[in-house]
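Written out below as structure tokens is the structure these notes cover.
Letters go in sequence order (proteins before strands), and every chain restarts at 1. No experiment lies behind these values; they were computed from the predicted model shown.
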Number of protein chains: 2
Amino acid sequence: MKLSTRARYGTRALLDLALHADSGPVRLKDIARRQDVSLQYLEHLVAPLIGAGLVSSIRGPRGGLVLGKRAGEIKMSQVVEVLEGSTAPVECVTNPDTCNRSATCAVRDLWVEIKDTVDGVMASLTLAEMVERQKKKEETKAEMYFI
Amino acid sequence: MKLSTRARYGTRALLDLALHADSGPVRLKDIARRQDVSLQYLEHLVAPLIGAGLVSSIRGPRGGLVLGKRAGEIKMSQVVEVLEGSTAPVECVTNPDTCNRSATCAVRDLWVEIKDTVDGVMASLTLAEMVERQKKKEETKAEMYFI
DNA sequence: TCTAAGTATACAAAGTTAGTCAACAATGTC
DNA sequence: GACATTGTTGACTAACTTTGTATACTTAGA
């Protein structure tokens, strides 16, 4: 049930972008540095995000990335779907024809349940809420150092 | 978020075993045939199930596999855990030290939520319930042919 | 026209998965 | 006790996926 680094890094990159979106386009290079991902690998992860319209790019000097939609309109389920494909743990969930048992397989039903549950969790969370959570966590940490 | 074939085949094999458990030990060979898995590969999948006590083996002629516990005492979460390891989608969920952001990473919190949800679904379902479901599905299918 | 950015494609190293082969161990039956 | 039947184990490998790197290219602002 592992996620690939695509989804992990990509999600973090998008959150990083959202967190720094106030001050104009955010350079990939800066995201790469802050998130400890190589610039060249990050380029691969950003491409599908741009393709899906979650991110827009601005070329040339002073260019960079901006969100393609408002953060409140970006569901985390969509982000993971774009980066990683379906969250179905097994092929037959999305494509029943790949297994001739699908119609009468109780095990498949379990995988379907799991996919639906996972999607539910991620669909109920937007990037804007992730930004809030992240800010809150950083504040709390800062306070802890202060004390 | 893919499951490996270990978990898929292994789960099906265990359900198959539970379904045919009435008439004494079930031969691996028969499970392999019914489930379309090579005998030699299935042997590898069964090994950890035996190790975890979910299955017991009987050698020699008329031998085979039997359940190591009552089906009602076998949670599906345990089955998947034995076959596949933790359901955590990301390493840092079970082992926060693998990433120095863990303490202040909102993304990690999301992965934790997902793991807990998945575990919840699978922990609330026993092998006995899977057997019931499977029988019901087969009955329903038989009826459909009859009509 | 120079430079700072993103874009695209090809390639490759490393690791994982899925599966086979082959020798072995235990046990019931005749 | 010989033999057939069943499970056990470990070595090995082919294929695939992941995780990157390298390189050449495009766009656009100063």
Side-chain angles (χ1 to χ4, degrees), chain A residues 1-14 17 20 23-33 35-68 83-86 89-91 98-99, chain B residues 1-14 17 20 23-33 35-68 83-86 89-91 98-99:
Chain A
M1 292 289 288
K2 290 289 172 285
L3 280 172
S4 68
T5 56
R6 296 177 65 82
R8 291 191 276 133
Y9 292 173
T11 309
R12 267 169 38 199
L14 191 62
L17 171 57
H20 296 88
S23 37
V26 182
R27 286 181 303 178
L28 258 181
K29 197 201 297 182
D30 293 336
I31 298 177
R33 182 173 35 74
Q35 297 297 324
D36 282 325
V37 182
S38 89
L39 174 60
Q40 291 163 320
Y41 192 39
L42 191 55
E43 286 162 355
H44 286 328
L45 310 187
V46 165
L49 294 174
I50 293 173
L54 300 180
V55 166
S56 298
S57 65
I58 299 168
R59 292 178 170 206
R62 311 282 304 160
L65 303 179
V66 295
L67 287 181
L83 290 165
E84 179 105 0
S86 164
V90 169
E91 176 66 17
T98 52
C99 178
Chain B
M1 292 289 287
K2 289 287 170 286
L3 280 172
S4 67
T5 57
R6 295 176 65 82
R8 292 191 277 134
Y9 292 174
T11 310
R12 268 171 35 200
L14 191 61
L17 170 57
H20 296 88
S23 38
V26 182
R27 286 181 303 177
L28 259 181
K29 197 201 298 183
D30 293 334
I31 298 178
R33 182 173 36 75
Q35 297 297 324
D36 281 325
V37 181
S38 89
L39 174 60
Q40 289 164 323
Y41 191 39
L42 191 56
E43 285 162 356
H44 286 325
L45 308 186
V46 165
L49 293 174
I50 294 174
L54 300 181
V55 167
S56 298
S57 65
I58 299 168
R59 291 179 170 204
R62 310 282 305 163
L65 303 179
V66 294
L67 288 180
L83 289 165
E84 180 105 3
S86 164
V90 170
E91 176 67 18
T98 52
C99 177

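Atom CG in A:Leu39 sits roughly 13 Å away from atom P in D:dG20 (whole-Å rounding). Distance, B:Tyr9 OH to C:dA18 C1': 8 Å, rounded to whole Å. In this entry the distance linking CZ of A:Arg62 with P of C:dC2 reads 22 Å, nearest Å. In this entry the distance linking CE of B:Met1 with C1' of D:dT17 reads 18 Å, nearest Å. Atom NZ of B:Lys29 is separated from atom P of D:dA4 by 14 Å (rounded to the nearest Å). Rounded to a whole Å, the CG atom of A:Leu42 is 9 Å from the P atom of C:dG6. Here D:dG7 presents its P atom at 11 Å from CG of B:Leu17, a figure rounded to the nearest Å. Put simply, CG on B:Leu45 is 14 Å from C1' on D:dG7, counting in whole angstrom units.
Considering only side-chain N and O atoms, B:Tyr41 lies nowhere under 4.0 angstrom from the phosphate OP1 or OP2 of C:dT17. Between C:dT17 and B:Ser4, no contact under 4.0 Å exists linking OP1 or OP2 to a side-chain N or O. Side-chain N/O atoms of A:Ser38 include one lying less than 4.0 angstrom from OP1 or OP2 on D:dT21.
In this structure, CZ on A:Arg12 lies 10.0 Å from CG on A:Leu42, to the nearest 0.5 angstrom.
Few gaps surround CZ on B:Arg33; more than 12 heavy atoms of other groups in view lie less than 6.0 Å from it.
By the side chain to side chain donor-acceptor pair (under 3.5 Å) test, B:Arg59 is found to be paired with no residue, residues two or more places apart in sequence or in another chain being considered.
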Please encode protein proximity along nucleotides 7-15 of chain C as a string of B, S and -, counting only heavy-atom distances under 4.0 Å. BBBB-----
Go through the steps for B:Leu67 and B:Leu54 under the test side chain to side chain contact (heavy atoms under 4.5 Å, CB included), then give the verdict. CA-CA 6 Å; B:Leu67 288 180; B:Leu54 300 181; over 6 Å; no
Using side chain to side chain contact (heavy atoms under 4.5 Å, CB included), reason through A:Val66 and A:Val26 one step at a time and then give a plain yes or no. CA-CA 7 Å; A:Val66 295; A:Val26 182; over 6 Å; no
Apply side chain to side chain contact (heavy atoms under 4.5 Å, CB included) to the pair A:Thr5 and A:Tyr41, showing each step before the final yes or no. CA-CA 10 Å; A:Thr5 56; A:Tyr41 192 39; 3.0 Å; yes
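Between B:Pro25 and B:Arg62 the shortest side-chain heavy-atom distance does not fall below 4.5 Å.
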